[in-house]
Each structure stands twice: as C-alpha cells, then as structure tokens.
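Each chain gets a letter, A, B and so on, in the order the sequences are listed, and its residues count up from 1. Keep in mind that this is a model prediction, so the values were computed, not measured.
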2 protein chains.
Amino acid sequence: MLSRKTKYGIKALTYLARQENQAPTSIATIAESEKIPHKFLEAILLELRKNSILGSRKGKGGGYHLMQLPEKIRMSTIHRILEGPIAMLPCVSLNFYEKCDDCVDEDACSVNKLMIQVRDNTLAILENQTLKDLI
Amino acid sequence: MLSRKTKYGIKALTYLARQENQAPTSIATIAESEKIPHKFLEAILLELRKNSILGSRKGKGGGYHLMQLPEKIRMSTIHRILEGPIAMLPCVSLNFYEKCDDCVDEDACSVNKLMIQVRDNTLAILENQTLKDLI
DNA sequence: AAATACTCTACTAACCCTATAGGGTAAATC
DNA sequence: GATTTACCCTATAGGGTTAGTAGAGTATTT
C-alpha cells in the first residue's frame, strides 16, 4: 500500500504542475486545495526540496515551485524519494539491494523471481510516466 | 514492501508444490528447510487452510498438503489472502475498494490514474503466474 | 519594522509486523 | 486405550513505522 505521505506528495506536485506561471505557491494554498494536513505537507515539501525536486522562496509571496518542467520529472524519482524502493523485496531492489537472512540461494528463490517480474513492470510504468502525464 | 508473512507463505507453498507425492508434510519439516520460525509458519499455514488453499491431517504422519494442482493455484489468490489488496491504494482496489477521505473527484485524481496502471500490470503478472511456474 | 512563510526539532498516539508462549484438540500408531 | 504426534487457537509483547501536532526559529519581502 502507498503511504499517505507519497500520495499527498504526488497530489501536491501535480497541483504545482498545473500552475501556469512560475510564481511560488504557499504550503497553505496547496494544503487547502488538496485537503492535506498543513504541517504534514510542510514536511513532505521540505523533503522534496532537499532532493532538488522543488525550490522555495521565503517571505511574503513566497512558497514552493518546481525545479524542472513537469515533463522532466519522472514518477519513479518521486516514488523513490517519498516511498522508498520500488521493489517489493530488498533482495530484488536495484537501488536499495539487501540480501535476505533466510535465503540460502537467491537464484533458486521462487519469490525472488516472481518479484523481479513485478518490479520490472512497475518500474517501466513509473519511469515512463512524468508529472505532465498526470495532469 | 512485501511482508515476511507473504514471503514465508509463498516459500512454504512452493516447498509443498515440489513434493512429488501427496503425502502430508509437517510444519516442522517446512520450517527447517525454508528457515521460517516454526510458530509463525504455523499461523500462516492455518490461514491458507482456512482459505482452502491447503488441507491438513492431524496425528502421526500428519501435516499439510495442497488442495489443488500447483498449476491451478494463482499467485494473485495467494497475494490477496496473505498480503491483502494488490492495488496500492484502496480507491484503486477491485476487491477491497474504499473511497479516499481527501479525494473530491476520483476521476480527476492524478494518483488514482497512475496507480490503476500499476495495479493492472501487477495483476496481470500475478494472475498469470501459478505455483507451478515458481518451482 | 512587520508580516509572511519557510525551516527545524521534538513529540505523541495509533497501528501493524514479527515473533513467541502455552495450552487445547484431534487423529494415528502401538 | 494410552501415547504420541502434530495441528489448532488465543493471547501477548516488543519494535518499528506512520500520521499528525506543537512550537519555536529563521530568512525574506514589502
């Protein structure tokens, strides 16, 4: 299941992507429009900023804005930042690989093979879809 | 991320599927071979039995056995029993549908559309793959 | 200077996951 | 029919994560 954090994050990003001008949008504006708890959204946008997805401006008229064009922002990137690995198992993850405690032979593991299939498919979708496609 | 419960469950099922005869296999045997905590495995197999995936026999020489041929057991079924919905969001689930609190218009929800794609793809794999394919 | 709005730290309640304990019950074997 | 084997069931506990809250601090614009 997708965490609320990721869900809120994607909704906030699409909100920003729908804005026509580059003017900053405040946390409060996004929170109200998308029905996201203000303080929770605050933390999410901060994390996206630290990962160079968003930029921010303080002071009056400040807020957040996208650092790239919506068509340049892949959903796989967003997923990895907010939700973590795309793979369903650590032993199947490309970016966060970890060996299983209980697995004697990974190549012979039935679960491993199945989940690699799922990962490849999900990854293909998330790499292909950009923020622009979600508008 | 896939829970250990599901992972252990699949491993146990493939172990049973690999057995040539129909003779019952005890929990202890599976637990040792697959390095699964005995008591935890007990609960998992019980759940699979309640869902008619497994049958059991008590007493000496007893144990668990598959109720259907491996090629008849779809991974989507197993996933739904042990892990729950295949969809990443309740509002995207076919079997466990639930409306989102924060969503005003589901048809206009960007996350919803994205996750429907992911679900359709994952589902296709899990419906197609059977226990026999995992051996 | 004052207002605005982002930044950071800390905290909490709730929930789920994993695992364990211990006894109860049914059935096969001797 | 006693014993053993192995399933069946309930309860519980620790740890970790998630979701959300609170409040003070800091930077910037008007």
Donor-acceptor side-chain pairing of B:E98 and B:S93 below 3.5 angstrom: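 Judged by distance alone, the side chains do not pair up.
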Quickly work out the [X] [atom1] to [N] [atom2] distance and round it to whole Å.
{"X": "B:I44", "N": "D:dC9", "atom1": "CD1", "atom2": "P", "result": "16 Å"}
{"X": "A:M1", "N": "C:dC15", "atom1": "CE", "atom2": "C1'", "result": "15 Å"}
{"X": "A:L48", "N": "C:dT7", "atom1": "CG", "atom2": "C1'", "result": "15 Å"}
{"X": "B:L16", "N": "D:dC7", "atom1": "CG", "atom2": "P", "result": "11 Å"}
{"X": "A:Y64", "N": "C:dT4", "atom1": "OH", "atom2": "P", "result": "19 Å"}
{"X": "B:K7", "N": "C:dC17", "atom1": "NZ", "atom2": "P", "result": "16 Å"}
{"X": "A:K60", "N": "C:dT4", "atom1": "NZ", "atom2": "P", "result": "6 Å"}
{"X": "A:I27", "N": "C:dC6", "atom1": "CD1", "atom2": "P", "result": "4 Å"}

Please confirm whether the backbone N or O of [Y] pairs with a side-chain atom of [X], one donor and one acceptor, at under 3.5 Å?
{"X": "B:D133", "Y": "B:T130", "result": "yes"}
{"X": "B:R119", "Y": "B:V92", "result": "yes"}
{"X": "A:S33", "Y": "A:I30", "result": "no"}

At a heavy-atom distance below 4.0 Å, what parts of residues 84-93 of chain A sit against DNA chain C?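 Close to the strand, none.
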Presence of salt bridge, B:E47 and B:K50, under 4.0 angstrom: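 So B:K50 does not pair with B:E47 through a salt bridge.
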Should B:S56 be listed as having a side-chain N or O under 4.0 Å from OP1 or OP2 of D:dC8?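 Yes.
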With a 4.0 Å cutoff (strictly under), does any side-chain N or O of A:R49 reach OP1 or OP2 of C:dT7?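 Looking at the OP1 and OP2 atoms of C:dT7, one of them is under 4.0 Å from a side-chain N or O of A:R49.
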Summarise how protein sits on nucleotides 10-26 of chain D as a single string, 5' to 3': B when a protein heavy atom is under 4.0 Å from the base, S for sugar-phosphate-only contact, - for no contact. ---------SSBBB---
Other residues, nucleotides and ligands only: do more than 12 of their heavy atoms fall within 6.0 Å of CZ on B:R74?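 12 or below, so no.
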Answer whether the closest heavy-atom distance between the side chains of [X] and [Y] falls below 4.5 Å.
{"X": "A:C100", "Y": "A:E106", "answer": "no"}
{"X": "B:L82", "Y": "B:Y8", "answer": "no"}
{"X": "B:I78", "Y": "B:L131", "answer": "no"}

